[in-house]
Novice: 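One structure coming up, written as structure tokens, with questions to follow.
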Amino acid sequence: MARLENSEIARLFGEMADLLQIDGGDRHRVAAFRRAGRIIEGLPRPAEELLARAELDKIRGIGSGTVQRVKQMLRRHSCDELDKLRRKVGPGLREMLAIKGLGPTTVRNIHNHLGIESIDALEYAAKVGAIETMPRMGPGMAHKILAGIEAYRKRRGKIALSEAQRVGRRIVRALAELPEVARVELAGSVRRGKAAIGDLDLLVASSDPGPVSSRFQTLADVEEVLVRGDTRCSVRLHNQQQADLRVLPAPSFGAGLHYFTGSKLHNVELRKRAGRMGVKVSDKGVFSRDEVLIDPCPEEADVFRHLGLPWIPPELRENQGEIEAAERGRLPKLIEAGDLLGDLHMHTRDSDGSGSVGEMAARARELGHRYIAITDHSKALGIANGLDERRLAAQMQRVRKLDGELDDLRLLSGVEVDILADGELDLDPALLAQLDWVVASVHKWTNQDEATMTRRVIRAIESGVVDAIGHPTGRRPGKRDPYPLELEAVLVAARDHDVALECNGGPNRMDLGDVDCRRCRERGVAVVLDTDAHAPRHLGRHEFALAMARRGWLERQHVLNAQPWEVLAARRARRLRDHGDPAWRVAPTIVQVPVGFELADDEGEGEVGEVGEGGEVLVDAEDHAWVDVEPLEAVAAPVVTSKPDAEGEGEDSGAVEVAEVDASELEQLRRGLAAGVLDDALRERLSYWLMAGAEDPTLEQALSERGPNPLQVGFDLLSGS
DNA sequence: CTGGCGAGCCAGTCGACGCTAGAGCGTCG
């Protein structure tokens, strides 16, 4: 039997916990099932393997009971306890848990008081006011339930791409073993990479369909056979998905694959085009107007060729302009796995991940990543053991130390900081400014209205310390709708502040979705494709984010983590500069200034604070957010810079900036460049100048001495060494 | 159900919000 994956075992434990809770079982037992599921989900190796090595029960939280159940599950996709609970509770009650606002206890109460066992019955009860007759239930709950049912119906029957792929690929593997099968492919919306999948479509090339069909009907995943034919066969799977098999002869496999990959709208449009060209396209091949076969099309590209088009990647086949683009030779060169250089969102066991920083780094090196950012949760997410300032600062030290020991991987210290209800960040901005990479995400208070939520996210974008907004819409394909958010306004803010939006590749999220990725492209907002890995083995899992990005027409230049780290670092450095270093914004601040030192405020006028006896100045950071002061020792001459207005249009209005060639520094740079080996500081300075357009006349002078085009010299140095 | 403490029992992740009821329970992250 095909191997059962950890996540599927975890799901069975989750179901067991749900059913037991609805049944009124011991809550600690319920919690133990949930915990076991969570642990198995996060295991670094297949549970089957650990079981064989007798290591499974050594894991904290997994005892002998769990081991016995896992054994049964591996054998038959269920266990005695689960069978018993399923018989006792029934599927309707468990289905009710999918309605937002209904938990196991409420479902149990509704069942006990009103005898309700299905969503239809629940809807009726809510409409006629029966819900309100129950203790602790009122009109508010009834309304909530009805709204929840409506939302549930809209997305019903869909499952996440990851699960559809997993089951689909398992079926593909099983069918591929048959000698009668020449080729087998997943078609339909799975092949197009849609986030939420209705049915599975499987396509087989074979000259002997009978055995293929009967094998399909007897797969372990099959619950019930719906349509029983040789070349066409439909079944219902254990996960309640429908799977359709079609068997066709190998010479027309390409035509069939194209036809059954869809989308329907794409096919309709393509057939219209065929009509205009005097041919017909079907799943059997390309025909003349009078039904004479021109080409059965063994490959998909043959179909397109007859229509005068290049092959169009499946992800684009949604009739969203791809045919026209193909016609003009303007198809996007879609982002590919090989383009990605790093991963900028992952968790370790410092919060809710299962690997250490070192383990994550090791895996990233195996995968050939050039850089990764460790981004654990912040303290507002108590359930995930989120980091407070102290723990994050300590982690930063550890990460930086380890980074220093690695020469082939840049290990970045970051955080996934929660965006609080009002848009404040959950951690001190002064600390956030010291990190290499900051993802800001909404996890809590997700039921705000659209205006509040939008303002909240934009405020985080405007903070200046945030590099990317994590899973921006909060959606869970097939499970939960996005929270209300005016994405357009968020896009504008993100573009204005050089903040990227994340396309989170977590298999339950895939957020941003395809449409939103394309909006980013159109609005000029950078996208970053992350795995949100919670274990080392998740790090290779870029395919779901890639699916969304490709469906959103993204190319390499639209994706931030397809760029070298220097580009990203420069973006961050520039943004911090433009927003004023938040370290100075912790109000009020006392600073030391030398005698003769003159402070300039936002308008470039002097005197922003009272000068005390020792020359210290109390700066009211509320009113003078952009006052910039060098530490006493570092100030050789009474030079003061101040920041222009926060919007930062005009460079240095009223501010005095040192913008001259420094002779001693120049000499030092000359030596550094002549050596040909860039140290980190120089590399950073170089990329900052190159990518962010920062002024650096000294550097420019040094570079121009090494070639006619200082920009070129700079690029060569950066890429060459 | 699991793990800890002590050899059979006991306690079990945090915190906020909404709903209904006027403090508490259930849900959601």
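Naming: A, B, ... by sequence-line order, numbering from 1 per chain.
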Novice: Can you figure out which of B/dC1, B/dT20, B/dT27 approaches the side chain of A/R136 most closely?
Specialist: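 Closest of the options to the side chain of A/R136: B/dT20.
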Novice: Sequence neighbours left out, cut at 3.5 Å: what donor-acceptor pairs do the side chains of residues 114-121 of chain A make with other protein atoms?
Specialist:
unit_1 : atom_1 : unit_2 : atom_2 : d
A/E117 : OE2    : A/H111 : NE2    : 3.1
A/S118 : OG     : A/A121 : N      : 3.1
A/D120 : OD1    : A/R153 : NH2    : 2.8

Novice: Tell me which nucleotide among B/dT2, B/dG29, B/dG3 gets nearest to the side chain of A/L381.
Specialist: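 Closest nucleotide to the A/L381 side chain: B/dG29.
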Novice: Once you apply a heavy-atom cut-off of 4.0 Å, does A/L420 come out as touching a base, just sugar-phosphate, or nothing?
Specialist: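 It contacts nothing in the nucleic acid.
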Novice: Between B/dT13 and A/R35, counting only base atoms on the nucleotide and side-chain atoms on the residue, is there a donor-acceptor pair under 3.5 Å?
Specialist: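 When only heavy-atom distances are counted, A/R35 does not reach the base of B/dT13 through any donor-acceptor pair under 3.5 Å.
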Novice: If you measure only the distance, is there a donor-acceptor pair under 3.5 Å linking the side chains of A/H471 and A/E416?
Specialist: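 Indeed, the side chains of A/H471 and A/E416 share at least one donor-acceptor pair under 3.5 Å.
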Novice: Can you tell me, in whole Å, how much space there is between the P of B/dC17 and that of B/dT13?
Specialist: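 22 Å, rounded to whole Å.
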Novice: Roughly, in whole Å, what's the span from CE in A/M141 to P in B/dA21?
Specialist: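 Taking CE of A/M141 and P of B/dA21, I get 12 Å after rounding.
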Novice: Which listed nucleotide (B/dT13, B/dT27, B/dC1) is nearest to the side chain of A/T106?
Specialist: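 Looking only at heavy atoms from C-beta outward on A/T106, the closest nucleotide is B/dT27.
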Novice: Measuring only the P atom in each nucleotide, how far is B/dA23 from B/dT27? A whole number of Å is fine.
Specialist: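 It works out to 22 Å between them.
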Novice: Assign each of A/G382 and A/V107 to its nearest nucleotide of DNA chain B by heavy atoms, then name whichever residue's nucleotide is nearer the 5' end.
Specialist: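 Its nearest nucleotide lies further toward 5', so the answer is A/G382.
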Novice: Remember a base hit wins even if backbone is also touched, and classify A/N447 as base, sugar-phosphate or nothing at under 4.0 Å, heavy atoms.
Specialist: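 Sugar-phosphate contact only.
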Novice: Indicate whether OP1 or OP2 belonging to B/dT27 is found under 4.0 Å from a side-chain N or O atom of A/T105.
Specialist: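 Yes.
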Novice: With a 4.0 Å limit, can you tell me whether A/K100 has a side-chain N or O closer than that to the phosphate oxygens OP1/OP2 of B/dG29?
Specialist: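 True: A/K100 side-chain N/O within range (under 4.0 Å) of B/dG29 OP1/OP2.
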Novice: Between atom CH2 in A/W445 and atom P in B/dG15, what is the gap in whole Å?
Specialist: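 Distance, rounded to whole Å: 12 Å.
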Novice: Taking A/S354's backbone N and O only, do any of them form a donor-acceptor pair with A/R349's side chain (distance below 3.5 Å, no angle check)?
Specialist: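 Such a contact is found between A/R349 side chain and A/S354 backbone.
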Novice: Over all strands shown, is A/P104 touching base, sugar-phosphate only, or nothing at heavy-atom distances under 4.0 angstrom?
Specialist: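 Touches sugar-phosphate only.
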Novice: State whether the number of non-hydrogen atoms from other residues, nucleotides or ligands found under 6.0 Å of A/R390 atom CZ is greater than 12.
Specialist: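 No, the 6.0 Å shell around CZ holds no more than 12 heavy atoms from other groups.
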Novice: Between B/dT20 and B/dC10, how many Å separate the two P atoms, rounded to a whole number?
Specialist: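 Here B/dT20 and B/dC10 have their P atoms 38 Å from each other.
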Novice: Is any N or O donor-acceptor pair between the side chain of A/H28 and the base of B/dG12 shorter than 3.5 Å?
Specialist: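 Side chain to base: pair present.
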Novice: So A/H443 and A/H377, would you call those rings parallel, tilted or perpendicular, with 30° and 60° as cut-offs?
Specialist: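 It falls in the perpendicular class, over 60°.
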Novice: Please pick, from B/dC1, B/dT13, B/dG29, the nucleotide with the shortest atom-to-atom distance to any side-chain atom of A/R480.
Specialist: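 Out of B/dC1, B/dT13, B/dG29, the nucleotide with an atom closest to A/R480's side chain is B/dG29.
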Novice: Please pick, from B/dC14, B/dC28, B/dT2, the nucleotide with the shortest atom-to-atom distance to any side-chain atom of A/S64.
Specialist: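 Output: B/dT2.
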Novice: Please confirm whether the backbone N or O of A/M510 pairs with a side-chain atom of A/R475, one donor and one acceptor, at under 3.5 Å?
Specialist: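 It does hold such a pair.
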Novice: In whole Å, what separates the P atom of B/dA16 from that of B/dA21?
Specialist: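 About 24 Å, rounded to a whole number of Å.
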Novice: Of the candidate nucleotides B/dG18, B/dT13, B/dC19, which contains the atom at the shortest distance from the side chain of A/R38?
Specialist: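 Of the options given, the side chain of A/R38 lies nearest B/dT13.
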Novice: Can you tell me the distance, in whole Å, between the CD1 atom of A/I39 and the P atom of B/dT13?
Specialist: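 A/I39 atom CD1 is separated from B/dT13 atom P by 12 Å.
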Novice: State which residue, out of A/D532, A/T473, A/D530, fulfils the side chain to side chain donor-acceptor pair (under 3.5 Å) condition with A/N504.
Specialist: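 The side chain to side chain donor-acceptor pair (under 3.5 Å) with A/N504 is passed solely by A/D532 among A/D532, A/T473, A/D530.
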Novice: Expressed in angstrom and rounded to an integer, what is the separation of A/I145 atom CD1 from B/dT27 atom C1'?
Specialist: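 That distance rounds to 13 Å.
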Novice: Closest-nucleotide mapping onto DNA chain B: is A/Q21 or A/K144 further toward the 5' terminus? I mean the 5' end.
Specialist: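 Per heavy-atom nearest nucleotide, the more 5' residue is A/K144.
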Novice: Measure CD/A/E132 against P/B/dT20 and give the value in whole Å, please.
Specialist: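 Taking atom P of B/dT20 as the reference, CD of A/E132 is at 8 Å.
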Novice: Under a 3.5 Å distance rule, please check whether A/R459 uses its side chain to pair with a backbone N or O of A/D422 as donor and acceptor.
Specialist: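 Yes; at least one donor-acceptor contact below 3.5 Å.
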Novice: If the cut-off is 4.0 Å, is A/R34 near the phosphate of B/dC1, judged by side-chain N/O to OP1 or OP2?
Specialist: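 Answer is no, no contact under 4.0 Å.
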Novice: Both atom distances under 3.5 Å, Watson-Crick or G-U wobble: I'd like the secondary structure of DNA chain B as a dot-bracket string, with | for pairs made across strands.
Specialist: (((((..))))).((((((....))))))
Novice: Whole-Å distance between B/dT13 C1' and A/F33 CZ?
Specialist: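 Rounded to the whole Å, the gap is 19 Å.
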Novice: Say you pick atom P in B/dA11 and the same atom in B/dG6; how far apart are they, in whole Å?
Specialist: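 It works out to 14 Å between them.
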Novice: For residues A/D199 and A/Q241, is any side-chain donor paired with an opposing acceptor at under 3.5 Å?
Specialist: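 Short answer, no.
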Novice: Once you round it to whole Å, what is the distance between P of B/dC28 and NE2 of A/H443?
Specialist: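 From A/H443 NE2 to B/dC28 P: 17 Å.
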Novice: In whole angstroms, how far is the P atom of B/dG26 from the CE atom of A/M96?
Specialist: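 Whole-Å distance recorded here is 15 Å.
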